[in-house]
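A quick write-up on the structure given underneath.
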Amino acid sequence: MTDSANGGESPLTAPRIDSHVHVFSRASSEFPRQTSDHLPAEREEPVEKLLGEMESNGVDQAVLVQIGGSSLQYHAYLCHCLKEHPGRFRGIGLVPTGIHSMPEHMDRLADKGIVGFRLSSMGGPVDPLDPVDVRNCTTYPIWKRAAERDYVLWLYPRAVDSHVVPFLLDAFPQVRVVFNHLMVCPGEGKLSIDDKGRPHVDVAMPPMTRYSTMGLKVGRLQENTRGLHQYENVCVHLSGQYAFSREPWPYRDLADWHACLKFVFGSTRLMWATDFPWIVEDPGYARLIPILDELLPDLSGAERADIMGGTASTFLRFPPL
Amino acid sequence: MRTTPEQWKSWEEDGVLAVADAVGGDELERLRAAFDSRAAEAKADWLTGVAAGTHPAAFFDIPNAMEKGDIFVDLADHPSYYGLLVDFSKGQVCLQFPQFRTVVPSPLSYVGWHYDVSFSNPLHMKIQLYLDDVGEDGGPFAYVPGSHRPENHPLPQVRHQEDMPGHRTFPGSAGTAILFNSWGMHTSMVNLTLKARKSIILIYEVFTEEKFDPERYGFLADRLETAEKRRLFGLERTRRAG
C-alpha cells in the first residue's frame, strides 16, 4: 500500500505525530519490567510527561515503542497507555525471538491494541557470503505473521544483520516496514550510554550499512544517483540524531544524510520522531520540532507536513483526530 | 593492439565497450587463484568490520592487493585493452585506483544507477574484468549507452533498475573486460544467484597535475622498468598532448 496511490502528499493540515517515543513506569507488580543500570527500577518516564511535552509543542499523536522487556507481562504499561488514551497513540511491541510461540505472542499483543513489532536482530547468517534462505532466519515466523495479519515491523537492525534485511523485504513486500533512526544499523560494540543517559552509537556517517539497506550509491555524491528505494513499503525515521552526531544540536553534520534519505525515500516515506525521553535534557523536546528546518531547509510545506505527521498518519493508520 | 573503427564508434557514441576473452587460459586461472588466495587472507578482517559496521557487508574489497602480487600489477597495462586506454586518453592514461571486489548476492543492488564523476572532471575510465562467468541474473554490469554525454541528462528516477530506459546489461564469460566512460550512468544489476560476483575494477584518468601523486605507487618503483609504465602508475609526469 502506498499513500501516493491514495492521493499523494499530505495536506498542510496533517496531524503532527511523534513517530518513535518510549514511556515506562517504575517497576511494579502492576507494571513489571526488566531493570538495568540504564533503566533502574525506580526510574519512570510516564505517559503524562510525554503528553505534557506533546501539548506544549503542538504534537497530536505518537508511537509508543516498548522498552523494558519482550515478554507479555512487560508490555503491561504500554497496553495501559494505549487503553487510557484511545486514538492518541499507536503501540509497537517486542517479540522474544527463538521461541515457538512468536506468532501467538504477536497476536495476543495485537489484541491489546499493538500494531507492530520492533526487531533488532534478523537471525540470518553472519557471513554475507553465505547463502540466505529467509525461511532459516529466526525472525522468519515474525515476518510471516506480520504479512498474514498486516502488522508493522519496526527495524533497528545490527550492522551484522544489514545484508539479510533486503532478502526479508523481498520475501514480504506487503509488510509495512519502518527503519528506525536514520536507517543506521549499529555495529557490535558501538552502542553505549552517554553522560546524559542517552544511547550513543559510534558510527561514521553516512553509514557503511547503507550499501546493504539502501541499494543506491548515495552518500558522498548525492546528485550522481538516479533511483528510488526499491521497496515501496519501507519508511525511515528522521530521529536519533543526538545518538549519531558528533556535533551539538542542530546536528549539522547529519544534514547531507538527511538529504540523501529525502532523495531516496521522498517525504511520503519519512517520519519525524523525537525518541523521547532520551532527548528531554539535551537538546530538549521543543528544539526537535524545528529540526527539519535546520537539516532539510528546502522542504516544501507539503513535504514538511508529510514528514512531521502525514506519513505516519497514513502509513500507520492513525485514527483521525 | 590499437582501436578498431567499431571500437571507436562504441566509445564515442555509447561510452562503453566489452572486450571478450581479454584474459584467458592459464593467465586467467592464475589470476583467479591469486584473487581467491588474497581474499581468503583478508576475509576475517572484513567480517569483523561488517559486524562493527565499519566495512560494508554488500561487497568485499581485497585491501592493498597491488602490493601482494605481480599478476595484479600486470593488469594495469594488459595488452588486451591497454591500447584502447591509450587511444581514448590520447596517450595520457594514468592509473588511479584498483578494486579487487567481491559483491555478495542480494535482491538489492549495492549501488543503483549512478555516475562516478561529474562532467567537469577529466576523462575518467574504468575497466571491469569478470573473474567468473556472469549471467543476466548474476549481477552483471549495466550501462546507459550515450549517458556519458551531458545532453542526454538528466535520466529519470527509477524504483527498479530494470526500469532505466535504454540501458544495456553486459553479461559475460570469465575474462571479459568492460571498458566504460565513468561520466555515464552505470550500475551492478541485482544478483539473483547464490554466487558472489568477483571482478577486478581498474580506475584510470587522463593525467592532471592536480592528481599527480608519485607516492601512491611508489612501492612499485623497482619493478616499473619503462618510462611508459612509470607514467601509467603516476611515478612520472605525463607530458600534455600538443
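These values consider heavy atoms only, across backbone and side chains, with no hydrogens, waters or symmetry-generated copies.
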Given a strict heavy-atom distance threshold of 4.5 Å, which part of [X] is in contact with chain A: side chain, backbone, both, or neither?
{"X": "K43(B)", "result": "side chain"}
{"X": "S118(B)", "result": "neither"}
{"X": "H153(B)", "result": "neither"}

Strictly under 6.0 Å, is that where the ring centroids of [X] and [Y] end up?
{"X": "F179(A)", "Y": "H237(A)", "value": "no"}
{"X": "F88(B)", "Y": "W11(B)", "value": "yes"}
{"X": "W113(B)", "Y": "H167(B)", "value": "yes"}

Inset, instruction - Answer with side chain, backbone, both or neither: which region of D127(A) has an atom nearer than 4.5 Å to a non-hydrogen atom of chain B? - result: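 Both backbone and side chain of D127(A) come within 4.5 Å of chain B.
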
Legend entry - Engaged part of S162(A) at the chain B interface, taking heavy atoms whose separation is under 4.5 Å: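 Side chain of S162(A) only, per the 4.5 Å heavy-atom cut-off to chain B.
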
Inset, instruction - Look at E188(A), M214(A), H229(A), Q230(A) and state which one has the largest set of heavy-atom pairs under 4.5 Å with chain B. - result: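 Among E188(A), M214(A), H229(A), Q230(A), the one with the most close pairs to chain B is Q230(A).
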
Inset, instruction - Considering only heavy atoms and a distance below 4.5 Å, find which of G215(A), G187(A), A159(A) pairs most often with chain B. - result: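 Top option by heavy-atom pairs under 4.5 Å: G215(A).
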
Inset, instruction - Take the angle between the ring planes of F100(B) and F35(B) and call it parallel below 30°, perpendicular above 60°, tilted in between. - result: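 It falls in the tilted class, 30° to 60°.
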
Inset, instruction - Would you name the heavy atoms of A76(B) and F233(B) that are closest together and state the gap between them? - result: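 Shortest heavy-atom separation between A76(B) and F233(B) comes out as CB-CZ, 3.4 Å.
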
Inset, instruction - Report yes if some heavy atom in the side chain of N224(A) is under 4.5 Å from a heavy atom in the side chain of D116(B); otherwise report no. - result: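 Not touching, per the 4.5 Å side-chain cut-off.
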
